*Asks:* 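Can you keep this structure in mind? I'll have questions shortly.
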Amino acid sequence: MTLFNYEDLHDFHDHMKKILLANTNIEKLPYPIPPLGICLLASCLKGRYEVKVYDGVFDEGRSLVELIRSFCPDYIGFSIRNIDDVVADRTIFYIDRILSDFIRPVQQVSQAPVILGGSGFSVFPWEIMKLTGADYGITGEGEEVFPELLRCLDEGKTVNHLPQVLMKGNGSTGAITHKHYISFDAVPFSEIDHHIDFSPYLQRSVYSIQTKRGCALRCVYCTYPCIEGKRYRVRNPETIAREIEEAMDRLGKTTFEFVDSTFNEPAGHAEEICRAIIRRNIQPRLRTMGINPRNTSHELFNLMMRAGFTQIDVTPDSAAPTIIKNLQKGFTFRDIKRTALLTRMYDLPTMWFFLFGGPGETLETIEQTRSFIGLYINEEDMVLLHAGLRIYPNTPLEKIALKEGVIRPGESLFYPSPYYYSKAVPRKILDKRLKEITDIFHNCIPAAESSPSPEMVQKALHIRKEKGLTEPMFRTLLRIRRDEGRKTKDERREI
Ligand code: B12
């Protein structure tokens, strides 16, 4: 079923209605994120509606009311990406500022229907509908359902039949199952820089690109299958390479980031994307957060290096075989070991992520992961250590937590954020053990301390300029951290 046909875009009305799409994400760490989702929606609506994208990342809502007054939109869409920061020790709850600095001020000056969407919204749709008093909400992807919702509202039709749509006052708290998934290849390019001022992102950020939707993995704690669906829908590699080439023509040298849940799944697609980029001879700077240890190979790394990858993230969560199994990661210890060796062999800068305290974690399994980090991970690569697993609705971890009495039936998982910790390692002991690891390995950093001080960033920028370094920032920061650590140890010895 296709709800919306992009060919119809040109059949526009005499008087185009106006839509304002607002990005409510003000988080600037680890770097500011351009609002890819609403830029895609704006590209889909082009020609049918007069669309403006308000980017709140740097403005933080300050000029939003003024914009509403001058633009007078017929509909206002808010994108809600982050709920909280998923760091148990310092939980930042983003929704408060989204309400006070974006949604409430707008509701005070405009009668236009408020429509919500975004990945964070899709995880807790009913809670956020209730809290904001929004008129409509759309869970999951918006390229087809959003234009269709607008069409129904324009024509005064009911919207009850539309998949993924929530309405004010419907009061349900049930899970929304996405019944409708788009064919991702039919979606126009986001052309992010046409919709927002991209200049602040050129220095400190990336141009985001998605190569697929969906996640077929079954990691027990993860929300991705619930947000994007459980089946992969891949884009044509040639189209992706063309999108990068066109953006490079407009923006010059910039870093592109693949924002897929996992870049190298399903097997073979990542390789084809790299080949398509290599064929164009465009040499972009590339990075991705999602390298899964399962399908890594010499061929993949060789192609990634030739295509222009300068940094990757790898998220094994654990290197202890029982925990890998309990978290349903879908790969083995051998896969992680091979991946670590490949990152060293190709000297591809890598950020590693480990997550301690999951079901079945014991002191012994922590030791297995520690020993893996010491033996196999390149000392120049950063290793972020998280403790505690955020419990999300409709995940296997929710069921485990209920069974073990960590949460009660009916308990809200929205706020305050509940975390799961294995009973075999009390929190104090886990924290102590992780502190020992971060003390021994200068490249291991607790998630709560992952933001470097402004002084350290300044120092790193200075060194990079002086030495003409093009390596990822984290490598420069790690070296400073290591040298400062050594200095402190020497000072201690002198005393
Ligand atoms: C890639 C990614 C990252 C990358 C971002 C790189 C980049 N260049 O963008 C990195 C690793 C840096 C990252 C960091 C963080 N992330 Co992240 N990230 C993701 C991921 C996997 C994909 C996001 C994405 O770009 N999707 C592609 C775009 C096209 O989709 P979209 O924006 O969702 O838009 C679509 C729909 O949502 C909808 N839509 C969007 N807006 C609107 C508006 C309206 C009106 C409508 C109708 C529809 C609609 O339509 C769009 C098109 O289909 C999601 C999980 C997921 N699968 O969604 C987590 C996710 C968004 N991240 C999350 C979090 C928490 C974070 C961090 C706070 C973690 C941390 N402590 O550092 C930071 C915040 C960074 C920041 N500055 O905001 C959470 C947010 C939920 C929550 N728990 O709060 C998610 C959902 C993962 C999770 N744990 O569940 N992240």
Side-chain angles (χ1 to χ4, degrees), residues 19-45 53 57 75-88 90-95 113-124 134 136-150 164-166 181-182 184 187 190 192 201 204-215 219 221-229 255-263 287-290 313 315 351 353 384 386 389-390 392-393 395 413-414 417 447-448 450-451:
I19 301 178
L20 184 83
L21 293 172
N23 174 26
T24 64
N25 180 15
I26 59 168
E27 181 56 82
K28 288 158 202 66
L29 293 173
Y31 42 86
I33 302 290
L36 172 64
I38 46 175
C39 290
L40 279 168
L41 299 186
S43 293
C44 290
L45 294 167
V53 174
V57 173
Y75 304 102
I76 302 167
F78 287 101
S79 180
I80 301 182
R81 182 196 195 274
N82 299 331
I83 307 296
D84 50 42
D85 64 344
V86 205
V87 179
R90 65 147 194 230
T91 297
I92 303 171
F93 188 63
Y94 297 103
I95 298 293
V114 165
I115 303 159
L116 307 181
S119 43
F121 173 76
S122 304
V123 181
F124 293 104
Y136 301 95
I138 293 180
T139 62
E141 59 200 349
E143 284 88 347
E144 287 191 1
V145 181
F146 187 44
E148 191 55 24
L149 171 69
L150 295 174
Q164 303 162 232
V165 172
L166 293 83
Y181 293 110
I182 61 168
F184 195 18
V187 171
S190 65
I192 302 176
Y201 294 99
R204 300 172 53 197
S205 183
V206 290
Y207 191 97
S208 309
I209 293 204
Q210 239 185 337
T211 76
K212 72 179 75 66
R213 293 253 166 98
C215 187
C219 308
Y221 54 81
C222 192
T223 56
Y224 298 178
C226 145
I227 297 170
E228 298 184 16
T255 303
F256 292 87
E257 176 164 19
F258 295 121
V259 296
D260 307 358
S261 52
T262 310
F263 177 60
R287 54 161 297 172
T288 182
M289 65 155 221
D313 292 356
T315 315
M351 292 238 272
F353 293 79
L384 275 177
H386 280 259
L389 283 64
R390 172 75 163 94
Y392 287 113
T395 58
L413 305 180
F414 180 54
S417 325
S450 60
S451 338

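In listed order, ligands and their atoms are each counted from 1. Predicted model only: the values in this text are computed from it and were never measured.
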*Asks:* Please write down residue, atom name and distance for the protein heavy atom closest to atom 75 (C) of ligand 1.
*Replies:* Leu29 O, 3.3 Å

*Asks:* Which is closest to atom 55 (C) of ligand 1 in terms of heavy atoms, Phe414, Tyr201, Tyr224, Phe353?
*Replies:* Tyr224

*Asks:* List the residues meeting salt bridge (charged side-chain N to carboxylate O under 4.0 Å, His left out) with Arg213, not counting sequence neighbours, and say none if there are none.
*Replies:*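 Arg213 satisfies salt bridge (charged side-chain N to carboxylate O under 4.0 Å, His left out) with Glu141, Glu143 once adjacent residues are dropped.
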
*Asks:* Quick one: does Arg213 get within less than 4.0 Å of ligand 1, heavy atoms only?
*Replies:* yes

*Asks:* I'd like to check Met289 versus Val259 (side-chain heavy atoms, cut-off strictly below 4.5 Å). Are they in contact?
*Replies:* no

*Asks:* Would Tyr392 count as a contact residue for ligand 1, given that I'm defining contact as a non-hydrogen atom of the residue lying under 4.0 Å from a ligand atom?
*Replies:* yes

*Asks:* Numbering the atoms of ligand 1 from 1, which are under 4.0 Å from a heavy atom of Phe146?
*Replies:*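 Matching atoms, with element in brackets: 47 (C).
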
*Asks:* Hey, which atoms in ligand 1 end up nearer than 4.0 Å to a heavy atom of Val86?
*Replies:* 65 (C), 83 (N)

*Asks:* How far is atom 64 (C) of ligand 1 from its nearest protein heavy atom, and which residue and atom name does that atom have?
*Replies:* Asn82 OD1, 3.8 Å

*Asks:* If you look at every heavy atom in Tyr224 and Cys215, which pair is closest and at what distance?
*Replies:* CB-CB, 4.1 Å

*Asks:* Taking all non-hydrogen atoms of both residues into account, name the closest pair between Asn23 and Asn25 and its distance.
*Replies:*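 Residues Asn23 and Asn25, closest heavy atoms: OD1-N, 3.1 Å.
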
*Asks:* Would you name the heavy atoms of Thr395 and Tyr392 that are closest together and state the gap between them?
*Replies:* OG1-O, 2.7 Å

*Asks:* Using the salt bridge (charged side-chain N to carboxylate O under 4.0 Å, His left out) criterion, which residues pair with Arg287? Sequence neighbours excluded.
*Replies:* Glu257, Asp313

*Asks:* May I ask you to identify, for Asn25, whether its side chain, its backbone, both or neither come under 4.0 Å of ligand 1 on a heavy-atom basis?
*Replies:* side chain

*Asks:* Can you list the atoms of ligand 1 that are under 4.0 Å from a heavy atom of Gln210?
*Replies:* 27 (C), 29 (C)

*Asks:* Check each of Glu228, Met289, Arg81, Lys28 against atom 5 (C) of ligand 1 and report the one with the nearest heavy atom.
*Replies:* Arg81

*Asks:* Which protein non-hydrogen atom lies closest to atom 82 (C) of ligand 1, naming both residue and atom, and how far is it?
*Replies:*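 The answer is Ile83 N, 3.5 Å.
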
*Asks:* With respect to Asp313, determine whether any N or O atom, backbone or side chain, lies less than 3.5 Å from an N or O atom of ligand 1.
*Replies:* no

*Asks:* Please give me the minimum heavy-atom distance between Ser451 and Leu29, naming the atom from each residue.
*Replies:*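 Closest heavy-atom pair between Ser451 and Leu29: OG-CD1, 3.6 Å.
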
*Asks:* If the cut-off is 4.0 Å to any non-hydrogen atom of Ser79, which atoms of ligand 1 fall inside it?
*Replies:* 40 (C), 41 (N), 42 (C), 43 (C)

*Asks:* Would you check whether Val123 reaches within less than 4.0 Å of ligand 1, judged by its heavy atoms?
*Replies:* no

*Asks:* Tell me: protein heavy atom nearest atom 88 (C) of ligand 1, and distance?
*Replies:*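 Closest protein heavy atom to atom 88 (C) of ligand 1: Thr223 OG1, 3.5 Å.
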
*Asks:* Which ligand 1 atoms does Glu257 reach within 4.0 Å, using its non-hydrogen atoms?
*Replies:* 6 (C), 7 (C), 8 (N)

*Asks:* Report, in ascending order of atom number, the atoms of ligand 1 lying under 4.0 Å from any heavy atom of Leu40.
*Replies:*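 Checking each atom against Leu40, I get 29 (C).
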
*Asks:* Under 3.5 Å between some N or O of ligand 1 and some N or O of Arg90?
*Replies:*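 No, since none of the N or O atoms of Arg90 sits under 3.5 Å from an N or O of ligand 1.
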
*Asks:* What is the nearest protein non-hydrogen atom to atom 49 (C) of ligand 1, stated with its residue, atom name and distance?
*Replies:*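 Among all protein heavy atoms, the one nearest atom 49 (C) of ligand 1 is Gly118 N, 3.4 Å.
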
*Asks:* Would you check, one step at a time, whether the test side-chain contact (heavy atoms from CB on, under 4.5 Å) holds for Asp85 with Tyr94?
*Replies:* CA-CA 8 Å; Asp85 64 344; Tyr94 297 103; 3.6 Å; yes

*Asks:* Short question: side chain of Ser190, backbone of Cys39 - any donor-acceptor pair under 3.5 Å?
*Replies:*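 A pair under 3.5 Å: no.
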
*Asks:* Tell me which part of Val206 gets within contact of ligand 1: side chain, backbone, both or neither, using heavy atoms under 4.0 Å.
*Replies:* side chain

*Asks:* Between Pro393 and Phe124, is there a side-chain heavy-atom distance shorter than 4.5 Å?
*Replies:*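 A side-chain contact under 4.5 Å exists here.
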
*Asks:* How far is atom 70 (C) of ligand 1 from its nearest protein heavy atom, and which residue and atom is that?
*Replies:* Asp85 O, 3.7 Å

*Asks:* Distance under 4.0 Å to a non-hydrogen atom of Tyr31: what atoms of ligand 1 satisfy this?
*Replies:*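 Numbered from 1, ligand 1 contributes 6 (C), 12 (C), 77 (N).
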
*Asks:* Among Leu20, Val114, Leu21, find the residue that satisfies the side chain to side chain contact (heavy atoms under 4.5 Å, CB included) test when tested with Phe78.
*Replies:* Val114

*Asks:* Does some non-hydrogen atom of Ser417 fall short of 4.0 Å from ligand 1?
*Replies:* no

*Asks:* Looking at atom 58 (O) of ligand 1, what's its closest protein heavy atom, distance included?
*Replies:* Ser119 CB, 3.4 Å

*Asks:* Within the structure, does at least one protein heavy atom fall under 4.0 Å of atom 67 (C) of ligand 1?
*Replies:* no

*Asks:* Any protein heavy atom sitting closer than 4.0 Å to atom 22 (C) of ligand 1?
*Replies:* yes

*Asks:* Does the gap between the ring centers of Phe93 and Phe414 come in under 6.0 Å?
*Replies:* yes

*Asks:* Within a distance under 4.0 Å of any heavy atom of Leu36, pick out the atoms of ligand 1 and give their elements.
*Replies:* 29 (C)

*Asks:* What are the two closest heavy atoms between Arg390 and Ser417, and how far apart are they?
*Replies:*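 That closest heavy-atom pairing would be NE-CB, 3.3 Å.
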
*Asks:* Check for a donor-acceptor pair, side chain of Ser205 on one end and backbone N or O of Tyr31 on the other, with a separation under 3.5 Å.
*Replies:* no

*Asks:* Would you kindly say whether Asp84 and Thr91 are connected by a side-chain donor-acceptor distance under 3.5 Å?
*Replies:* no

*Asks:* Provide the closest heavy-atom pair for Ile33 versus Val57 in the form atom of the first, atom of the second, distance.
*Replies:* O-CG2, 3.8 Å

*Asks:* Suppose we measure from atom 72 (O) of ligand 1 to each protein heavy atom; which comes out shortest, and what is that distance?
*Replies:* Pro30 CD, 4.1 Å

